[in-house]
Amino acid sequence: MYMKVAFIGLGVMGYPMAGHLKNAGHQVCVYNRNNDKALAWQKEFEGDIASTPALAAKDCDIVFACVGNDDDVRQIALGDDGIFAGLAKGSIFVDHTTASAELAIELGEIADKNGQFFLDAPVSGGQAGAENGVLTVMVGGDDAVFTKAEPVMAAFARFSQIMGPVGSGQLAKMVNQICFVNTVQGLAEGLNFAKKAGLDTDKLLDTIGKGAAGSWQMDNRGKTMCAGEFDFGFAVDWVRKDLAIAFKEAEKLGADLTITKQLDGYYQEIQANGGSRWDTSSLISRIDK
């Protein structure tokens with residue numbers, strides 16, 4: 001079933017995600033704070049653009065958003081020009097931003113009062129996943145609302161899962177970030193060891209990637225880490241933003257993130273040395289010298 005949808009936020013993730021929706025046959029209207037980016041998207045995909053999030057959301061079945069942080073979400077969602085102001089009763093707001101669970105719960109309560117629906121739905125897969133339409137989506141919200149939104153999200157996602165009530169998607173994304181940065185550090189140390197031992201790292205990766213050590217990071221970043229190439233989509237600045245959200249939540253939960261905090265310190269070192277926009281696989285740069 002084709003729907004009328006909007007997409008708010010045309011960054012490195014949102015731009016291709018909105019494009020996949022248009023290519024799947026949905027009627028798509030976009031909004032971006034930098035209008036030049038919206039005009040470029042319109043030229044490429046022949047969709048519609050709006051001057052405010054509220055106008056983009058008007059008459060839409062689903063409004064998707066993917067912006068930077070909690071403050072950005074509030075800016076596009078609230079107020080006279082925000083998504084909620086334009087969203088019809090019974091329509092759905094799906095937020096793909098990696099943000100706090102606290103904000104997700106706040107937005108869910110606003111939607112309930114308005115007779116609207118809200119899903120917090122952060123994604124994993126990075127820029128490449130967005131461009132190739134193979135993101136993984138972790139969703140918080142009502143099962144019936146997810147069932148309606150999931151076939152539309154399939155335009156840019158290879159897998160979506162409802163994790164629980166509103167806020168659960170954001171909590172799941174925090175777990176994802178905790179796990180993957182620890183995986184990157186293990187890979188960095190292993191590859192540095194291999195190089196010092198004189199092993200052929202291409203052969204090594206092709207071999208151990210088929211065993212218990214295998215991971216997405218190894219398959220997609222192992223060889224580029226060995227080559228010192230870090231020009232990919234998920235920047236150090238962004239992962240530190242995500243980890244800060246997880247650390248705040250961990251304090252409330254009493255969860256131990258000792259090693260993850262140490263890795264955040266390593267990323268801070270990389271920022272200080274000019275690597276703010278490097279890919280998160282740049283953890284190897286600290287030790288591969």
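Side chains included, hydrogens not; waters and symmetry mates left out as well; all remaining heavy atoms used.
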Among side-chain atoms of [X] and [Y], is any donor-acceptor pair under 3.5 angstrom?
{"X": "Asn182", "Y": "Thr260", "result": "yes"}
{"X": "Glu44", "Y": "Tyr15", "result": "yes"}
{"X": "Gln271", "Y": "Tyr267", "result": "no"}
{"X": "Glu46", "Y": "Gln42", "result": "no"}

Please confirm whether the backbone N or O of [Y] pairs with a side-chain atom of [X], one donor and one acceptor, at under 3.5 Å?
{"X": "Asp288", "Y": "Ile284", "value": "no"}
{"X": "Asp206", "Y": "Lys203", "value": "no"}
{"X": "Gln177", "Y": "Asp242", "value": "no"}
{"X": "Lys195", "Y": "Thr201", "value": "no"}
{"X": "Asn114", "Y": "Gln116", "value": "no"}
{"X": "Trp278", "Y": "Val236", "value": "no"}
{"X": "Lys4", "Y": "Ala57", "value": "no"}
{"X": "Asp95", "Y": "Asp120", "value": "no"}
{"X": "Asn69", "Y": "Asp72", "value": "yes"}
{"X": "Asp61", "Y": "Met3", "value": "no"}

Heavy-atom distance under 4.5 Å between the side chains of [X] and [Y], does that happen here?
{"X": "Leu107", "Y": "Phe84", "answer": "yes"}
{"X": "Asp143", "Y": "Phe146", "answer": "no"}
{"X": "Phe230", "Y": "Thr224", "answer": "no"}
{"X": "Asp264", "Y": "Val181", "answer": "no"}
{"X": "Ile208", "Y": "Met218", "answer": "yes"}
{"X": "Val28", "Y": "Trp41", "answer": "yes"}
{"X": "Met225", "Y": "Leu187", "answer": "yes"}
{"X": "Val166", "Y": "Leu119", "answer": "no"}

How long is the straight-line distance from [atom2] of [Y] back to [atom1] of [X], given to the nearest 0.5 Å?
{"X": "Cys66", "Y": "Leu10", "atom1": "SG", "atom2": "CG", "answer": "10.0 Å"}
{"X": "Glu189", "Y": "Arg286", "atom1": "CD", "atom2": "CZ", "answer": "9.0 Å"}
{"X": "Phe159", "Y": "Leu135", "atom1": "CZ", "atom2": "CG", "answer": "13.5 Å"}
{"X": "Glu249", "Y": "Ile178", "atom1": "CD", "atom2": "CD1", "answer": "10.0 Å"}
{"X": "Asp231", "Y": "Ser282", "atom1": "CG", "atom2": "OG", "answer": "11.5 Å"}
{"X": "Ile8", "Y": "Thr52", "atom1": "CD1", "atom2": "OG1", "answer": "8.5 Å"}

Set out, in order, the CA-CA distance, both residues' side-chain angles and the distance that settles side chain to side chain contact (heavy atoms under 4.5 Å, CB included) for Glu109 and Ile105, then state yes or no. CA-CA 6 Å; Glu109 291 173 349; Ile105 292 168; 3.8 Å; yes
Using a strict 4.0 Å threshold on nitrogen-to-oxygen distance, state whether Glu251 and Lys248 make a salt bridge.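 Looking at Glu251 and Lys248, the cut-off is not met.
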Pair Glu106, Arg74 - check salt bridge (charged side-chain N to carboxylate O under 4.0 Å, His left out), show working. CA-CA 10 Å; Glu106 176 187 333; Arg74 287 192 172 93; 3.0 Å; yes
Pair Val139-Met153, side chain to side chain contact (heavy atoms under 4.5 Å, CB included): steps then yes or no: CA-CA 11 Å; Val139 185; Met153 292 191 292; 4.2 Å; yes
For Phe93 and Phe117, I'd like to know if the aromatic rings sit close, meaning centre-to-centre distance below 6.0 Å. no
Check whether the ring centres of Phe64 and His26 lie less than 6.0 Å apart, and answer yes or no.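 They do not qualify: ring centres at least 6.0 Å apart.
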At their closest point, which heavy atom of [X] faces which heavy atom of [Y], and how far apart are they?
{"X": "Lys241", "Y": "Gly68", "result": "NZ-O, 2.9 Å"}
{"X": "Tyr31", "Y": "Ala56", "result": "CB-CB, 4.2 Å"}
{"X": "His20", "Y": "Ala155", "result": "CB-O, 3.3 Å"}
{"X": "Ala130", "Y": "Met13", "result": "CB-O, 3.8 Å"}
{"X": "Pro122", "Y": "Lys173", "result": "CG-CB, 3.6 Å"}

Are there over 12 heavy-atom neighbours, none belonging to Glu102, within less than 6.0 Å of that residue's CD?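 Not more than 12 within 6.0 Å, no.
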Atom CG of Asn34 with >12 non-hydrogen neighbours under 6.0 angstrom: yes
Aromatic ring pairing Phe180/Phe234, orientation class (parallel under 30°, perpendicular over 60°, tilted between): tilted
